[in-house]
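Keep in mind that the numbers below use all heavy atoms, side chains included, and drop hydrogens, waters and symmetry copies.
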Amino acid sequence: APEDMADEESGEMPKIEADEDDDNTENDDEELNDEELKEEAEGDLKEKKVSVGKTCLPGIVYLGHIPPRLRPKNMRSMLSLYGEIGRIFLQPEDRSVKRKKKKAGTKACSFTEGWVEFRDKRVAKRVAASLHNTPMGARKRSRFVSDLWNIKYLHRFQWCHLSERLAYEMTVLQQRLRTEISQAKRETNFYLANVEKSQNMDKLRKKRERKGEKIEEKTWNFTQRCTEDEIQMSRLQQTFAPDTCWCCERH
């Protein structure tokens, strides 16, 4: 009986110790998982605080040269490799240039300048500093290889300033058109008034001719200034006068 008890005790004790070790390992794993979750939560909070403290301000770059056949989608695909892009505006050609192209038989619309907004102004500064005066196309078969980037970062420039500038240019253009139209109207009115005046004078002259009255034609009493050719000819005539021989003077 004592031997059986010893065998039972010797058989049961290792099982209890193994169970206790399993419980300890599970508790340690739970503690480690809790610590990892806490660290991840703290890291997320720190990232949120950093993102809130350092907000990404947008930056705008100016493009002084836009090659032909380049569209906003091409510009977006070319510059999106360097950073996230917001809005893009390309200034189209003037209407007079478009009319000349239509008369020549080309309907392609080109752009003269452009503005690109990056989500982060630091990326915009780096892009403007690294891409300026470099080829626009990376591959030899690209159609923009022969064109160079003419790009500049606009310091403290916002998109609202661009809209204000475009609105100002539109108002200036409208004002200029109004002044040109008013000038053209004044010229046409002056011309029509002179035509009517000349017609009335012709009628009066014909009436006087029928009556047999003498008509005195008006003459302008002023002397016209000599032209440059006339001045040079007069100087030559004075130097080569008939009383003196230029051959004798030369000898």
Side-chain angles (χ1 to χ4, degrees), residues 43 46-184:
K46 287 180 181 178
E47 288 178 357
K48 286 180 181 179
K49 287 180 180 179
V50 169
S51 63
V52 170
K54 295 182 180 180
T55 56
C56 292
L57 297 174
I60 298 172
V61 295
Y62 171 73
L63 301 169
H65 170 67
I66 307 296
R69 296 181 297 173
L70 190 140
R71 298 292 178 266
K73 60 180 182 180
N74 304 124
M75 185 67 67
R76 185 177 291 276
S77 64
M78 292 166 71
L79 293 177
S80 60
L81 301 173
Y82 307 99
E84 188 179 357
I85 292 175
R87 291 168 284 192
I88 294 176
F89 177 76
L90 301 181
Q91 181 70 33
E93 289 179 335
D94 200 12
R95 293 181 180 178
S96 60
V97 179
K98 289 182 181 179
R99 289 171 188 169
K100 290 179 182 178
K101 283 188 175 181
K102 282 184 179 180
K103 289 180 181 179
T106 57
K107 296 182 180 180
C109 178
S110 299
F111 300 95
T112 56
E113 55 185 356
W115 292 264
V116 179
E117 182 187 31
F118 284 87
R119 296 297 185 187
D120 193 355
K121 66 178 183 180
R122 292 171 292 182
V123 176
K125 289 179 181 179
R126 287 198 297 269
V127 169
S130 60
L131 291 183
H132 186 59
N133 283 334
T134 58
M136 296 184 75
R139 299 178 182 177
K140 291 183 179 180
R141 294 184 179 181
S142 178
R143 52 186 178 178
F144 307 122
V145 174
S146 59
D147 296 299
L148 299 177
W149 285 106
N150 186 3
I151 186 169
K152 182 182 179 182
Y153 175 74
L154 300 177
H155 186 62
R156 293 182 181 178
F157 189 83
Q158 298 178 2
W159 199 261
C160 61
H161 299 158
L162 177 60
S163 59
E164 289 175 0
R165 179 192 167 188
L166 294 173
Y168 173 74
E169 288 180 355
M170 186 61 67
T171 53
V172 169
L173 179 62
Q174 291 177 356
Q175 184 67 27
R176 189 175 66 187
L177 289 174
R178 282 197 292 269
T179 53
E180 289 178 357
I181 289 167
S182 62
Q183 182 67 23

Q) From I151 CD1 over to H132 NE2, what is the distance, rounded to the nearest 0.5 angstrom? A) 9.5 Å

Q) R178: what forms a side-chain hydrogen bond (donor to acceptor under 3.5 Å, both in side chains) with it, not counting sequence neighbours? A) Q175

Q. In Å and rounded to the nearest 0.5 Å, what is the CG to CZ distance from N74 to F144?
A. 5.0 Å

Q) Got a sec, which residues hit side-chain hydrogen bond (donor to acceptor under 3.5 Å, both in side chains) with N150, two or more places apart in sequence or on another chain? A) none

Q | Residue pairs passing the ring-ring contact (aromatic ring centres under 6.0 Å, His included) test where at least one lies in residues 59-78, sequence neighbours excluded | A | Y62-W115

Show me, pair by pair, the donor-acceptor contacts under 3.5 angstrom made by side chains of residues 153-160, not counting sequence neighbours?
none

Q: Can you sort out the partners of T134 under side chain to side chain contact (heavy atoms under 4.5 Å, CB included), two or more places apart, ordered by chain and number?
A: L131, W149

Q: Output all residues satisfying side chain to side chain contact (heavy atoms under 4.5 Å, CB included) with L177, sequence neighbours left out; order by chain, then residue number.
A: L173, E180

Q: Would you give the length of the straight line joining atom CG of L57 to atom CZ of F118, rounded to the nearest 0.5 angstrom?
A: 15.5 Å

Q. With sequence neighbours excluded, what pairs up with S77 under the side chain to side chain contact (heavy atoms under 4.5 Å, CB included) test?
A. none

(Q) Ignoring hydrogens, what is the shortest heavy-atom contact between P72 and I88? Give both atom names and the distance. (A) O-CD1, 4.1 Å

Q | Distance, nearest 0.5 Å, that separates CG of D147 from CG of L70 | A | 8.5 Å

Q: Go through the steps to decide whether V116 and M78 satisfy the test side chain to side chain contact (heavy atoms under 4.5 Å, CB included), and finish with yes or no.
A: CA-CA 12 Å; V116 179; M78 292 166 71; over 6 Å; no

Q.
Once salt bridge (charged side-chain N to carboxylate O under 4.0 Å, His left out) is applied, do any residues pair with R87, and if so which ones, sequence neighbours excluded?
A. E117

Q) Quick one: salt bridge (charged side-chain N to carboxylate O under 4.0 Å, His left out) partners of E164, sequence neighbours excluded? A) none

(Q) Per the salt bridge (charged side-chain N to carboxylate O under 4.0 Å, His left out) rule, what does the pair list look like for residues 67-86, sequence neighbours excluded? (A) E84-R119

Q: Could you pull out all residues at least two apart from D120 that satisfy side-chain hydrogen bond (donor to acceptor under 3.5 Å, both in side chains)?
A: R122

Q. L90 and I66: side chain to side chain contact (heavy atoms under 4.5 Å, CB included), yes or no, with the steps?
A. CA-CA 8 Å; L90 301 181; I66 307 296; 4.0 Å; yes

Q: Apply side chain to side chain contact (heavy atoms under 4.5 Å, CB included) to S80 and list each qualifying residue two or more places apart in sequence or on a separate chain.
A: I85

